[in-house]
Amino acid sequence: MGKRSRFMYVIDHVKEELTTALAQAVAKAVQEGSLPEEMREAQIQLEVPREEAHGDWATNLAMTSARIARCAPRKIAETIVQNLDTEGTFIDQVEIAGPGFINFRLRPDWLLEVVKEIEAKGEAYGRRDIGAGRKVQVEFVSANPTGPLHVGHGRGAVVGSVLSNLLEAAGFLVTREYYINDAGNQIVNFGLSLEARYFQALGQDVPVPEQGYHGEDLKELMAEVAAEKGDFYLKMDPEERRKALTELALERKLADIKRDLADFGVTFDHWFSESKLHAEGAIKATVQKLKEEGSIYESEGALWLKSTDYGDDKDRVVIRENGVPTYLAADLAYHKNKFERGFDTVINVWGADHHGYIPRMKAGVAALGYDPDRLEILIVQLVNLLRDGEPVVMSKRTGKLVTLAEVIEEVGKDAARYFFIMRSADSHLDFDLSLAAAHTEENPVFYIQYAHARISSILRQAQELGQIPRLLERKPLSDVVDLAQVNLSLLASEVERALLKKLAFWPEEVAVAALNREPHRIARYAHDLAGSFHSFYNACRVITDDPELTLARLFLVDATGIVLRSALGILGVSAPDRM
RNA sequence: GCGCCUGUAGCUCAGGGGAUAGAGCAACGGACUUCUAAUCCGUGGGUCGUAGGUUCGAUUCCUACCAGGCGCGCCA
């Protein structure tokens with residue numbers, strides 16, 4: 001039952017039964033001549049009706065095929081229903097309603113299978129093989145190492161990290177990558193800024209260049225360097241000096257970034273250096289390849305990519321008049337490198353301020369001979385930082401933003417991660433620091449975590465009272481209690497069934513979220529599941545003097561805990577045992 | 001001017017070609033001798049930005065317009 005494949009769940013089994021039954025009914029009706037031949041082509045769509053009264057599942061098949069069958073929807077529905085064979089399936093009742101919906105009600109025991117499945121699979125319940133082992137690279141954050149991470153980077157970091165976890169759960173082989181922009185013009189400016197700060201630290205009045213980096217962090221860093229090394233760099237050749245200072249600063253800034261991200265639960269498999277592309281001649285090779293493809297021309301002394309051939313609205317410079325490659329050139333070399341590494345799909349998580357860059361990047365990939373659909377770009381809208389409902393803008397004259405480290409410090413890792421992922425990526429996010437930091441009331445993170453703490457608490461008490469044997473932390477209850485001896489059909493109340501149904505849909509949720517690249521769905525699911533659990537908790541006492549009922553409910557509680565941990569695990573939010 | 005995102009309850013947002021549009025917060029009224037009240041139950045609250053179009057059916061898709069955000073470099 002639902003166990004044909006490792007990744008086929010009760011929910012999939014039910015959907016398949018419905019689809020098969022409908023398809024066979026249509027085929028039979030066509031054969032009898034009561035429906036026209038064209039009906040065989042009809043697509044079968046299943047949906048979960050909003051209204052409980054409309055059953056567990058419904059299909060609009062009769063309505064969508066009314067035109068093709070040249071017949072009134074309700075008439076078609078009747079014909080289909082007459083030919084429906086539900087023998088041996090979970091389908092219990094079928095009715096025609098409204099303009100021609102066919103509504104299905106399932107046998108109540110289908111939900112009990114879900115408990116068995118969750119107990120059998122543990123936290124693997126919900127895993128999918130829709131990725132089928134295909135290799136996906138997710139590139140995210142990739143903030144310039146010339147300054148600290150700020151709040152804006154936080155959202156991209158969480159979206160990328162949760163999306164990666166989600167894709168892994170869906171059966172993709174995921175590589176998480178950070179592209180370090182440690183070359184090019186900005187690094188020249190970075191070096192000049194460092195040099196100026198260094199001189200300043202030694203008491204010389206040298207201004208930071210207009211185009212340079214004015215942040216306090218560099219001032220502090222160079223003050224440290226001056227304190228450690230004194231005037232060591234002063235006597236060096238200026239070019240050597242800037243190079244040395246740049247290398248030292250990049251190393252330290254990158255270490256800071258890695259630490260901040262690690263504190264945020266964000267890790268990477270690869271840190272990819274742009275400078276490596278320059279050093280290895282990859283940029284030259286990429287431009288050469290584009291030339292061979294006929295996508296490069298010369299004009300005004302520069303080399304241009306004919307990106308308009310691939311849908312961009314203007315052509316783009318790749319090699320400047322002065323011979324220096326543009327950022328785009330490096331990025332094209334980088335993406336060529338990605339595809340050469342064998343990724344089937346490459347996903348870039350970008351801030352909304354970079355969305356204008358998409359057409360030229362896609363064009364470049366196409367010009368290099370790769371299918372541009374293999375490059376997906378997930379745009380994450382910008383974050384409005386608030387405190388008590390009031391905007392928190394620039395903090396100082398230099399335009400210094402609130403750093404990610406400060407936010408984590410103020411609201412904690414779990415709350416920060418949840419707030420960054422709770423809205424869809426294309427919605428502009430209001431992040432209210434005071435709300436996220438609130439350890440009481442209206443904080444959704446604690447609402448979810450509290451549900452998990454309650455679950456742990458119940459299981460703890462059941463053990464202390466001797467209702468169940470000692471259980472290893474976070475192991476399924478079925479490890480110590482024989483589930484076959486438990487009467488799960490006692491889980492029959494409305495709240496219990498609502499909770500079971502929520503659990504049944506977890507694999508479906510993982511699939512939909514992964515396919516649509518919508519990690520925020522997992523946050524919503526976790527919140528909904530916690531809500532279903534809280535309602536159950538308040539309506540049903542778990543530990544009672546009725547051992548049979550107690551055991552059945554303990555399994556429901558345990559199964560909820562397992563799924564809640566899976567969802568929180570994907571979100572990278574902790575699941576506490578007490579609060 | 002052109003492009004991308006957004007416009008849904010007082011606020012923040014889900015949802016989505018279907019049957020009576022949802023959640024959280026805020027407001028109001030209830031529930032702790034019982035496994036954690038960081039919880040639950042109930043009430044009120046909506047021309048789904050505006051106008052057209054496609055469709056058996058549009059809040060959802062298309063077009064135009066209005067409003068907000070972001071972007072339109074031989075910057076990254």
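Order of the sequence lines fixes the chain letters, A, B, ..., with proteins taken first and strands second; residue numbering starts at 1 for each chain. What you see is a predicted model, and the numbers here were worked out from it, not measured in a lab.
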Applying side-chain contact (heavy atoms from CB on, under 4.5 Å) between A/L386 and each of A/L433, A/D430, A/V392, report the one that passes.
->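 When side-chain contact (heavy atoms from CB on, under 4.5 Å) is applied between A/L386 and each of A/L433, A/D430, A/V392, only A/D430 qualifies.
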Would you indicate what [X] reaches in the nucleic acid, counting non-hydrogen atoms under 4.0 angstrom: base, sugar-phosphate, or nothing?
X: A/A97; result: base
X: A/A539; result: nothing
X: A/R460; result: nothing
X: A/R541; result: base

Who pairs with [N] - Watson-Crick or G-U, where each distance is under 3.5 Å:
N: B/G7; result: B/C66
N: B/C32; result: none
N: B/U47; result: none
N: B/C2; result: B/G71
N: B/U59; result: none

Whole Å only: how far is the [atom1] atom of [X] from the [atom2] atom of [N]?
X: A/R155; N: B/C5; atom1: CZ; atom2: P; value: 15 Å
X: A/Y537; N: B/A31; atom1: OH; atom2: C1'; value: 14 Å
X: A/Q463; N: B/C35; atom1: CD; atom2: P; value: 18 Å
X: A/H534; N: B/U36; atom1: NE2; atom2: C1'; value: 10 Å
X: A/M63; N: B/A58; atom1: CE; atom2: C1'; value: 13 Å
X: A/F536; N: B/U36; atom1: CZ; atom2: P; value: 13 Å
X: A/L435; N: B/G24; atom1: CG; atom2: C1'; value: 10 Å
X: A/L477; N: B/C35; atom1: CG; atom2: P; value: 20 Å

If the [atom1] atom of [N] is compared with that of [M], how far apart are they to the nearest Å?
N: B/C62; M: B/G69; atom1: P; result: 24 Å
N: B/U63; M: B/C5; atom1: P; result: 11 Å
N: B/U12; M: B/A21; atom1: P; result: 23 Å
N: B/G17; M: B/C11; atom1: P; result: 27 Å
N: B/U55; M: B/C61; atom1: C1'; result: 10 Å
N: B/A38; M: B/A26; atom1: P; result: 15 Å
N: B/G49; M: B/C32; atom1: C1'; result: 46 Å
N: B/U60; M: B/G3; atom1: C1'; result: 24 Å

Find out whether the Lys NZ or Arg CZ of A/K276 is both under 6.0 angstrom from the six-membered ring centre of A/F272 and within 45° of the ring's axis.
->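 Positive - A/K276 is close enough to the ring of A/F272 and near enough to its axis.
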Is there a side-chain contact between A/L471 and A/V481, using heavy atoms and a 4.5 Å cut-off?
->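 They are not in side-chain contact.
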Within the pair [X] and [N], is there a side-chain N or O less than 4.0 Å away from OP1 or OP2?
X: A/S424; N: B/A14; value: yes
X: A/R67; N: B/C56; value: yes
X: A/Q45; N: B/G17; value: no
X: A/Y447; N: B/C40; value: yes
X: A/T64; N: B/G17; value: no

Hey, which of A/R521, A/K502, A/K15 is the one that makes salt bridge (Lys or Arg N to Asp or Glu O under 4.0 Å) with A/E508?
->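 Output: one option passes, namely A/K15.
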Nearest-nucleotide wise, let me know which of A/I102 and A/A453 is further upstream toward the 5' end of RNA chain B.
->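 Its nearest nucleotide lies further toward 5', so the answer is A/I102.
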Between A/R423 and A/S457, name the one whose nearest nucleotide on RNA chain B is closer to the 5' end.
->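 Residue closer to the 5' terminus by nearest nucleotide: A/R423.
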Any chance the rings of A/H527 and A/Y447 have centres within less than 6.0 Å?
->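 So the answer is yes for these two rings.
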Is the distance between the ring centroids of A/F533 and A/H452 under 6.0 Å?
->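 Not close enough - the centres of the two rings lie 6.0 Å or further apart.
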With the side chain of A/Y450 defined as its heavy atoms from C-beta on, choose the nearest nucleotide among B/A21, B/A14, B/U39.
->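 Ranking B/A21, B/A14, B/U39 by closest atom to the A/Y450 side chain puts B/U39 first.
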Listed nucleotide nearest any side-chain atom of A/M579, set B/A38, B/C13, B/U20 |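 Taking heavy atoms from C-beta onward, the closest nucleotide is B/A38.
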Report the C-alpha separation of A/Y418 and A/N443 in whole Å, then their side-chain angles, then the decisive distance to 0.1 Å, and conclude whether the side-chain hydrogen bond (donor to acceptor under 3.5 Å, both in side chains) test is met.
-> CA-CA 10 Å; A/Y418 190 83; A/N443 193 323; over 6 Å; no
Where does B/C13 fall, syn or anti, if syn means a chi angle no more than 90° from 0?
->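 Base orientation relative to the sugar is anti.
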Regarding A/S434 and A/D432, is there a side-chain donor-to-acceptor distance under 3.5 Å anywhere?
->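 Judged by distance alone, the side chains do pair up.
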Give the B/S/- string for nucleotides 66-76 of chain B, one per nucleotide from 5' to 3', where a protein heavy atom under 4.0 Å of the base yields B, of only the sugar-phosphate yields S, and otherwise -.
-> --BBBSSSBSB
Are the ring of A/F101 and the six-membered base ring of B/A19 within the stacking cut-offs of under 5.5 Å and under 30°?
->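 Answer is yes, a stack.
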Does CD belonging to A/Q288 count more than 12 external heavy atoms closer than 6.0 Å?
->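 More than 12 heavy atoms, drawn from other residues, nucleotides or ligands, come within 6.0 Å of this atom.
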List the atom of A/L194, the atom of A/T246, and the distance in Å for their closest heavy-atom pair.
->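 Reported closest heavy-atom pair: CD1-CA, 3.7 Å.
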